[in-house]
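Residues: numbered from 1 along the sequence shown.
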Amino acid sequence: MSSADLCQALRREPALERQFDMIRQARTIVFGLGGLGPESTIRFADIATDEEIDAYGEDGAKAVLICRFLDEEGNQITREFDKRMMGIELDELRAIPRRLCVAGGLSKLEAIRATLKGGYATHFVTDLETARALLKG
């Protein structure tokens, strides 16, 4: 959202409250993840400015998971941008019993490792080349 105030106001809307309640009650969720590189979805979709994304990178971010930034150990890095993000929180994601992460490509190795270290996925789907690289360490 364009401001934290707008985000908070919209979260109080009954229709959105019901949508978030449904997500929290889900038994299974499927999600992808990304990195911070120039071809990342978060940059391409103009969700955040390059300056905002770069600031997370300077703070050690390696992954973007449901528009939340993770360090290499899978811990969330928070900045002002997070107050403007409309979506579930990472602890809400972890509360869903089955969490299927679908991600591949060697460019996402750091992001995948951070997501797996953080315990966000109970199941993981990737391509063979990425799987081999992950197994090598």
Side-chain angles (χ1 to χ4, degrees):
M1 300 293 122
S2 60
S3 73
D5 290 339
L6 174 61
C7 188
Q8 290 305 315
L10 287 173
R11 282 182 177 273
R12 291 188 298 270
E13 283 295 312
L16 288 176
E17 283 181 342
R18 286 190 301 274
Q19 293 297 313
F20 281 109
D21 285 343
M22 286 183 1
I23 293 169
R24 288 181 199 102
Q25 293 173 27
R27 306 287 301 151
T28 303
I29 191 166
V30 178
F31 62 91
L33 61 93
L36 280 68
E39 300 299 318
S40 66
T41 301
I42 198 157
R43 288 186 195 271
F44 184 77
D46 274 339
I47 294 169
T49 66
D50 285 340
E51 291 78 19
E52 289 170 321
I53 297 165
D54 292 343
Y56 280 101
E58 291 167 9
D59 288 348
K62 302 295 183 191
V64 182
L65 174 62
I66 60 172
C67 292
R68 309 295 181 189
F69 291 80
L70 307 177
D71 68 14
E72 67 184 346
E73 296 299 316
N75 301 307
Q76 184 175 359
I77 298 171
T78 56
R79 300 183 59 81
E80 187 64 29
F81 171 80
D82 294 279
K83 294 178 184 174
R84 300 188 345 248
M85 182 48 52
M86 179 68 69
I88 64 170
E89 298 293 333
L90 291 174
D91 60 338
E92 294 174 306
L93 173 66
R94 276 196 191 116
I96 297 170
R98 284 180 302 280
R99 302 176 306 275
L100 173 61
C101 177
V102 180
L106 296 178
S107 65
K108 290 188 179 181
L109 276 176
E110 284 185 316
I112 293 167
R113 284 188 181 111
T115 300
L116 296 176
K117 282 182 182 179
Y120 299 103
T122 58
H123 299 77
F124 177 61
V125 176
T126 193
D127 60 272
L128 186 58
E129 183 179 29
T130 302
R132 285 182 175 145
L134 287 168
L135 291 172
K136 285 183 183 177

Looking at Lys62 and Asp71, is any side-chain nitrogen of the basic one under 4.0 Å from a carboxylate oxygen of the acidic one?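 A salt bridge is absent here (no side-chain N lies under 4.0 Å from a carboxylate O).
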Distance, nearest 0.5 Å, that separates [atom1] of [X] from [atom2] of [Y]:
X	Y	atom1	atom2	value
Leu70	Gln76	CG	CD	7.0 Å
Ser3	Gln8	OG	CD	9.5 Å
Cys67	Leu90	SG	CG	10.5 Å

Counting only heavy atoms not in Arg132, do more than 12 sit closer than 6.0 Å to its CZ atom?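 No, not enclosed.
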Are [Y] and [X] connected into the same hydrophobic cluster when the rule is that any two of I, L, V, M, F, W, Y join if their side-chain heavy atoms are below 4.5 Å apart?
X	Y	answer
Phe69	Ile66	no
Leu65	Ile77	no
Met85	Leu93	no
Leu116	Leu109	yes

Could you check if a side-chain atom of [X] sits within less than 4.5 angstrom of a side-chain atom of [Y], using non-hydrogen atoms only?
X	Y	result
Met1	Leu10	yes
Glu129	Leu106	yes
Glu52	Arg79	no
Leu134	Ile112	yes
Glu72	Arg113	no

Test your reading of the model: is there a side-chain donor-acceptor pair from [X] to the backbone of [Y], 3.5 Å cut-off?
X	Y	answer
Arg94	Tyr120	no
Thr122	Arg99	yes
Ser40	Gly34	no
Thr130	Gly104	no
Arg68	Gly87	yes
Arg43	Gly37	yes
Arg84	Ala4	no

Before you tell me yes or no, could you show the steps for Val64 and Ile53 under side chain to side chain contact (heavy atoms under 4.5 Å, CB included), namely the whole-Å CA-CA distance, both residues' side-chain angles and the distance that decides it to 0.1 Å? CA-CA 10 Å; Val64 182; Ile53 297 165; over 6 Å; no
[X] and [Y]: which non-hydrogen atoms are nearest, and at how many Å?
X	Y	result
Leu36	Ala63	CD1-N, 3.8 Å
Cys101	Thr115	SG-CG2, 4.5 Å
Cys7	Met86	O-CE, 3.5 Å
Pro97	Ala26	CD-O, 3.6 Å

Non-neighbouring partners of Asp5 that pass side chain to side chain donor-acceptor pair (under 3.5 Å), sequence neighbours left out: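 Partners of Asp5 by the side chain to side chain donor-acceptor pair (under 3.5 Å) criterion come out as none, since no residue qualifies.
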Looking only at side chains, do Asp82 and Tyr56 share a donor and an acceptor under 3.5 Å apart?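 Yes - a donor-acceptor pair under 3.5 Å links their side chains.
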Can you list every salt bridge (Lys or Arg N to Asp or Glu O under 4.0 Å) pair that touches residues 17-37, not counting sequence neighbours?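 Qualifying pairs, neighbours excluded: Asp21-Arg24, Arg24-Glu92.
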With ILVMFWY side chains joined below 4.5 Å, transitively, what does Leu100's cluster contain besides itself?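 In the cluster with Leu100 are Val30, Val102, Val125.
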What's the verdict on side chain to side chain contact (heavy atoms under 4.5 Å, CB included) for Phe81 and Ile47, showing C-alpha distance, side-chain angles and the deciding distance? CA-CA 10 Å; Phe81 171 80; Ile47 294 169; 4.0 Å; yes
